[in-house]
Every structure is written in structure tokens, then in C-alpha cells.
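All values derive from a computational prediction rather than experimental measurement. Counting from 1, the numbers follow the sequence of the chain as shown.
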Amino acid sequence: MKKIVVIGSINVDLVATCDRFPKAGETLFGKDFAIYFGGKGANQAVCAAKLGADVTMIGCVGDDDHGKSAIANLDKFNINTKEIIKTKSPTGVALITVADHDNQIIVISGANKEVSCDMINEKISVIDNADLVMLQLEIPLNTVKMIVDHCHKKKIKVILNPAPYNDIAKELIDKVDYMTPNKIELESMFNMDHKKALALYPNKLIMTAGSEGVYYHDDDSLINIPAQKVDVVDTTGAGDTFNGALAVALTSGKSLRESIIFGQKAASVAIGKMGAQTAMPYLNEIK
Ligand code: RIB
């Protein structure tokens, strides 16, 4: 089985569901509250593991109850958690509001900020054994850059999901194999029409666009893989589901087009349920 190594954030998500988003300065009654495991890194790791991949997670949690339960949760999905370090900083937390078929997220990074270049150097043999490395931008950017440089030198495949957006994505795009911004992230990155931007990086730049599906440019033209029609319950982690499933499909030898279709189908299942990891499909749920 191919090895996927995810290096990224591990959070606990505190999720309030409301009829609408509050305005600045406004107090609203919510409808529901739930606590889920999250973090873009952990979410992508769980998605890949639920779809049957051999996954190792590298990241940091606090030496606290959230950290213990976040690791236990990853263990439950048979993810290798031996490379996760417990730090003095508390486990990362995300405050999430779900309303209007969308979400708003505030991340308090905590221990995720401790994923340092020194820590990665100690884990370099794990990275060197990977068939594919998955990265997002919820850990320090100099660490992401160092990993991208290393993988580029060693010809290890990398998917970089540039979320939350930072301009470092522009600097790194030539060295990664796939970059997967959403529409807003792509606009921040290129400040031009998305068709033109995608044409600059054929078969590499893959834009997720919610209900419009996914866009990328192949060798010849712009391709749209339309989204399935589903009743949206919670879009949190839809992008993570796409990325996790994309990684699984690519490492199992599917073409880029087939892998994007697979990722898209997985994300469509995920948005029909509450939570990020809880909503991610197992293989038999993807039709
Ligand atoms: O992509 C969704 C994730 O973003 C949430 O799980 C939250 O923890 C934030 O990292």
C-alpha cells in the first residue's frame, strides 16, 4: 500500500449552528452546539485513512485533554500517530459557525505553531519514505517551505492545499506537484480571471468551487468536473475531503481526471452531514 504522510494542523472544532451569521456587534441565539475533531491536516489524514490509505500524521498537540482525545481519535482510524509531538502550548481550537449553507472559522493555532523545521528534520526519514506528502497552511510557513524544498529535491510528490491563504503559495507553486486552492484562494493568488490562472499551471493547479464543482486546465483546455447535486448540511471540511480523496486516488494510480472526480464525489458525500471528519465517506459510500 502507498504511504501518505500528512504534515499539518490538529484542532478541536467548537461548532455553533445558527439560522444566519451574526453581524459585527450582534448577539444571536444559535440552534445547536457540538464538538468535533478537526484541523485541516488531521481532516485530510482522516479522509485518506477512511478511504483505505496507509497514513502517517506529523503535527503537534498540547499536553492536555484535547490533545489526548485528538490523538486517540486519529488512532481510531488506524493513522500512525507516533510522529505527533505533545507541546506546552495548548491544542489548536477552531470556533466554527455554520449558517446559510456555509461556514465561518476562527482558528486559534496553539500547538500547531510548534511544528518547526527542527521537528521536521527529526522526522525526515518518515517523509523520505512517503509516496505522497500533503500540506496545508495552518502550521508555520517556514516549515511548509522547508518541507516543500526537501520533497522537491527528493522528488517526493506533494499536494499543497493553500488554506488559509498566504502569498507563500505563489512562491511554492513551481516546486509542488499539485496545488488545490478554492475560488477565493485562487483569486488572492493570481488576481486574474480563474481561466487564465489555471492555464498557467496545467495539470497542477486545481480549483475547488463549491456547487460549481472543480476546475483545472489539462494539456489542451479548461476542464470543469461538475458537482453532484446534494442537500447541503455542513460544508466544513469539504475541501479537506476533496484533498484527502484526491491523494488516495493519485497514489492508487488513477489519472488526474479520475482522481479529481473521485475527490469531488467524496466531498459531495461529506457536505450532506454535520462535522468535518464525521462526515467524510468510507470507500463504499462513494458511488
Ligand atoms: O477545513 C476545516 C477545518 O479548518 C476545521 O476542521 C478547522 O479546525 C479548521 O482547521
Side-chain angles (χ1 to χ4, degrees), residues 2-13 36-61 70-71 73-81 83-84 92 94 96 103 105 107 109 112 115 126-127 130-139 143-144 147-148 151 156-165 169 176-182 185 206 208 214 234-252 259-260 262-271 275-283 286:
K2 300 282 185 184
K3 289 182 170 37
I4 296 176
V5 173
V6 182
I7 310 168
S9 56
I10 304 169
N11 292 336
V12 169
D13 292 352
Y36 297 103
F37 295 106
K40 293 186 196 303
N43 290 348
Q44 294 179 15
V46 167
C47 178
K50 281 177 112 172
L51 293 173
D54 174 343
V55 183
T56 295
M57 175 87 215
I58 299 180
C60 290
V61 293
I71 291 179
N73 172 63
L74 295 172
D75 284 334
K76 208 175 74 191
F77 294 105
N78 291 325
I79 293 169
N80 173 12
T81 56
E83 312 301 337
I84 297 173
I96 302 182
N103 63 60
I105 305 180
V107 176
S109 295
N112 296 307
V115 184
V126 179
I127 295 172
D131 293 292
L132 186 139
V133 168
M134 299 188 75
L135 294 164
Q136 322 73 33
L137 300 179
E138 281 186 337
I139 56 169
T143 308
V144 174
I147 299 164
V148 169
C151 292
I156 300 165
K157 284 210 171 356
V158 172
I159 298 178
L160 174 58
N161 173 219
Y165 183 73
V176 300
D177 297 271
Y178 305 100
M179 192 173 281
T180 53
N182 64 19
E185 290 151 2
I206 302 161
T208 54
V214 178
D234 179 8
T235 56
T236 311
D240 300 330
T241 308
F242 174 77
N243 278 277
L246 179 75
V248 173
L250 287 169
T251 51
S252 37
S259 301
I260 292 173
F262 185 72
Q264 171 75 277
K265 284 184 181 174
S268 304
V269 177
I271 59 174
Q277 299 175 14
T278 42
M280 288 167 174
Y282 287 95
L283 204 50
I286 301 184

| said: I'd like to know if the side chain of Asp177 and the backbone of Val158 have a donor-acceptor N/O pair within less than 3.5 Å. | reply: yes

| request: State, without any angle test, whether Ser9 and Asn11 hold a side-chain donor-acceptor pair at a distance under 3.5 Å. | output: no

| query | Below 4.5 Å, heavy atoms only, C-beta onward: do Leu137 and Leu160 meet side chain to side chain? | reply | yes

| Atom CD1 in Ile147, atom CG in Leu135: separation rounded to 0.5 Å? | 5.0 Å

| field | CD1 on Ile156 to CD1 on Ile127, rounded to 0.5 Å | value | 7.5 Å

| task | For side chain to side chain contact (heavy atoms under 4.5 Å, CB included), just list the numbers for Ile159 and Val176, CA-CA rounded to whole Å, side-chain angles, deciding distance to a tenth of an Å, and then say yes or no. | result | CA-CA 7 Å; Ile159 298 178; Val176 300; over 6 Å; no

| note | To the nearest 0.5 Å, atom CG of Leu250 lies from atom CG of Leu132 at 7.0 Å

| Where do Gly275 and Asp234 come nearest, in terms of heavy atoms and distance? | N-OD2, 2.8 Å

| request: Please list, chain by chain and in numerical order, all residues satisfying side chain to side chain donor-acceptor pair (under 3.5 Å) with Tyr282, sequence neighbours excluded. | output: none

| task | For the residue pair Tyr36 and Thr236, establish whether any side-chain heavy-atom pair is separated by less than 4.5 Å. | result | no

| request: Kindly write out the residues that satisfy salt bridge (Lys or Arg N to Asp or Glu O under 4.0 Å) with Glu83, not counting sequence neighbours, or none if the list is empty. | output: Lys123

| Can you tell me how far the NZ atom of Lys2 sits from the CG atom of Asp131, to the nearest 0.5 Å? | 5.0 Å

| field | Test log, rule side chain to side chain contact (heavy atoms under 4.5 Å, CB included), inputs Phe37 and Val46 | value | CA-CA 10 Å; Phe37 295 106; Val46 167; over 6 Å; no

List, one per line, each side-chain donor-acceptor pair under 3.5 Å for residues 47-60, sequence neighbours excluded.
residue : atom : partner : partner atom : Å
Lys50   : NZ   : Gln277  : O            : 2.9
Lys50   : NZ   : Met280  : O            : 2.6
Thr56   : OG1  : Asn80   : ND2          : 3.4

| request: Identify the heavy atoms of Asn112 and Gly92 that sit nearest to each other, and give their distance. | output: ND2-CA, 3.8 Å

May I have the list of side-chain donor-acceptor pairs in residues 239-249 shorter than 3.5 Å, sequence neighbours left out?
residue : atom : partner : partner atom : Å
Asp240  : OD1  : Gln44   : NE2          : 3.2
Asp240  : OD2  : Asn43   : ND2          : 2.9
Thr241  : OG1  : Gly237  : O            : 2.8
Asn243  : OD1  : Thr180  : OG1          : 2.6
Asn243  : ND2  : Gly239  : O            : 2.8

| Residues forming a side chain to side chain donor-acceptor pair (under 3.5 Å) with Asp75, sequence neighbours excluded | Thr81

| Ser268: side chain to side chain donor-acceptor pair (under 3.5 Å) partners, not counting sequence neighbours | Gln228

| said: Nearest 0.5 Å, please: how far is CD1 in Ile286 from CZ in Phe262? | reply: 4.0 Å

| Closest approach of Met179 to Ala169 (non-hydrogen atoms, all atoms of both residues) | CE-O, 3.3 Å

| note | Rounded to the nearest 0.5 angstrom, the CG-CG distance for Asn161 and Asn182 is 8.0 Å

